[in-house]
Amino acid sequence: MRDRGAHPRLVVATRSLHKLAELRVLLDVPGAELLTLDDLGVEGDLDETGSTFEANAALKARFAARATGLPALADDSGLEVDALDGGPGVRTRRYAGDHATDAQNNAKLLAALDGLRPEQRGARYVCVLALAAPADAGSRGGQPVTLVRGTCRGRIATEPRGGGGFGYDPIFEPRSEPPGGRTLGLWSADEKNPISHRAAAARRMSPILRERGF
């Protein structure tokens with residue numbers, strides 16, 4: 001049993017301090033102690049073999065819960081483009097190759113959509129958060145983890161604009177912008193955070209965490 005004065009511990013299945021800090025703010029569970037895999041001495045990386053964001057997020061959450069014995073939160077995110085039947089999807093970071101840069105990924109996507117009208121360039125950023133308890137992680141039967149999804153809808157621009165953000169931000173126009181308007185690469189962090197896919201997923205996960213004592 002946890003001491004009454006102790007903070008409940010939640011491992012986030014990441015080694016990124018930036019992602020940990022972002023989730024700490026977005027989740028709004030100030031009574032919880034959020035830790036990375038490195039904080040807990042977890043070695044090795046998990047192969048993300050799932051064909052969906054949900055599958056990969058669940059894999060990572062179960063891995064972290066099993067390795068640490070703590071409840072674990074994991075995310076998997078990327079870009080889905082309507083004209084590409086939801087691609088690049090789980091291959092978002094590797095769209096132009098396993099070691100592709102953001103610029104190379106953006107260039108490949110722009111080439112794939114070349115000539116399409118604005119209404120044909122619909123896309124969405126997706127973030128799936130998965131929460132696994134240690135008991136769920138160890139189940140060979142694959143007990144379901146808790147999954148929530150957040151999206152940020154928009155369209156793919158015809159050329160990169162702006163140097164802010166990362167990934168596909170310089171070619172992603174959120175739906176509040178007209179065709180040819182500002183890409184997320186031109187939005188400030190304060191503007192972007194409330195509409196981001198990760199923020200949307202976090203808003204759905206926060207009450208679940210609080211119900212579970214975090």
Side-chain angles (χ1 to χ4, degrees), residues 1-80 88-95 97-100 125-151 166-167 196-214:
M1 180 179 293
R2 191 175 70 242
D3 293 339
R4 292 185 178 219
H7 295 292
R9 304 172 86 202
L10 177 69
V11 58
V12 178
T14 184
R15 301 185 191 279
S16 167
L17 293 177
H18 172 78
K19 181 177 287 188
L20 181 75
E22 183 181 21
L23 283 171
R24 183 177 283 122
V25 171
L26 293 176
L27 289 169
D28 191 26
V29 282
E33 182 182 5
L34 271 60
L35 303 162
T36 68
L37 295 173
D38 286 338
D39 290 333
L40 295 165
V42 177
E43 298 180 353
D45 292 310
L46 178 74
D47 289 333
E48 297 177 25
T49 57
S51 60
T52 65
F53 297 124
E54 283 82 0
N56 279 331
L59 282 170
K60 289 186 280 189
R62 284 195 178 104
F63 167 78
R66 188 166 52 245
T68 64
L70 294 173
L73 184 72
D75 89 302
D76 201 56
S77 56
L79 183 71
E80 295 180 337
V90 295
R91 290 195 57 81
T92 292
R93 286 182 294 176
R94 308 182 301 278
Y95 182 48
D98 287 344
H99 304 289
Y125 272 127
V126 176
C127 173
V128 172
L129 290 176
L131 178 64
D136 298 332
S139 171
R140 289 187 176 275
Q143 291 183 21
V145 298
T146 301
L147 296 164
V148 297
R149 171 181 274 240
T151 60
F166 56 91
S196 78
H197 50 309
R198 187 165 286 118
R203 283 192 292 271
R204 292 182 171 94
M205 181 59 75
S206 293
I208 296 170
L209 289 172
R210 288 193 288 268
E211 286 175 3
R212 299 192 183 186
F214 290 99

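Heavy-atom basis, side chains included; hydrogens, waters and symmetry copies ignored. Numbering starts at 1 and runs along the sequence shown. As the structure is a prediction and not an experimental result, all values here were calculated from the model.
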**Report entry** Minimum heavy-atom distance between E43 and R15, given as atom pair plus value
**Finding:** C-NH2, 3.9 Å
Query raised in the report: When you look at V90 and E48, which way does the side chain to side chain contact (heavy atoms under 4.5 Å, CB included) test go after all the steps?
Result: CA-CA 9 Å; V90 295; E48 297 177 25; over 6 Å; no
Query raised in the report: Given K60, which of D47, D45, D76 fulfils the salt bridge (charged side-chain N to carboxylate O under 4.0 Å, His left out) condition?
Result: D76
Query raised in the report: What's the shortest heavy-atom distance between S16 and T36, and which atoms?
Result: O-CG2, 4.5 Å
Query raised in the report: Between L17 and D38, is a side chain to side chain contact (heavy atoms under 4.5 Å, CB included) present by the stated rule, with each step listed?
Result: CA-CA 10 Å; L17 293 177; D38 286 338; over 6 Å; no
Query - Any donor-acceptor pair under 3.5 Å from H197 side chain to G150 backbone - result: no
Query raised in the report: At what distance, to the nearest 0.5 angstrom, does CG of L73 lie from CD1 of I208?
Result: 10.0 Å
Report task. With the side chain counted from C-beta on, respond yes when T52 and V128 share a heavy-atom pair under 4.5 Å apart, and no when they do not. Result -> no
Requested in this report: Look at the side chain of S206 and the backbone N and O of A202, then say whether any donor-acceptor pair between them is shorter than 3.5 Å.
Outcome: yes
Report summary line: Nearest heavy-atom contact between E80 and V126 is OE1-CG2, 3.6 Å
Requested in this report: Answer with yes or no whether the side chains of T68 and R9 bring together a donor and an acceptor at under 3.5 Å.
Outcome: no
Query - Reported CZ-to-OG1 distance for the pair F53 and T151, which is rounded to 0.5 angstrom - result: 11.5 Å
Query raised in the report: Once you round to the nearest 0.5 Å, how far does OG1 of T146 lie from CZ of R204?
Result: 14.5 Å
Query raised in the report: side chain to side chain contact (heavy atoms under 4.5 Å, CB included) between L27 and L34: does it pass, once the steps are laid out?
Result: CA-CA 10 Å; L27 289 169; L34 271 60; 4.2 Å; yes
Query raised in the report: Taking side chain as C-beta onward, heavy atoms only, is P71 less than 4.5 Å from R212?
Result: no
Report summary line: In short, A130 meets A61 closest at the heavy-atom pair O-CB, 3.7 Å
Query raised in the report: Relative to each other, are the rings of F166 and H18 parallel, tilted or perpendicular (30° and 60° limits)?
Result: perpendicular
Requested in this report: Hey, could you give me the CZ/OG distance between R149 and S77, rounded to the nearest 0.5 Å?
Outcome: 11.0 Å
**Report entry** Heavy-atom pair of closest approach, residues A64 and A13
**Finding:** CB-CB, 3.8 Å
Query raised in the report: Among L23, L147, L129, D75, whose side chain to side chain contact (heavy atoms under 4.5 Å, CB included) with M205 holds?
Result: L129
Requested in this report: Test side chain to side chain contact (heavy atoms under 4.5 Å, CB included) on L37 and V11 and set out the steps.
Outcome: CA-CA 7 Å; L37 295 173; V11 58; 4.0 Å; yes
**Report entry** Non-hydrogen atoms of A32 and F214 that approach each other most closely
**Finding:** CB-CD2, 4.0 Å
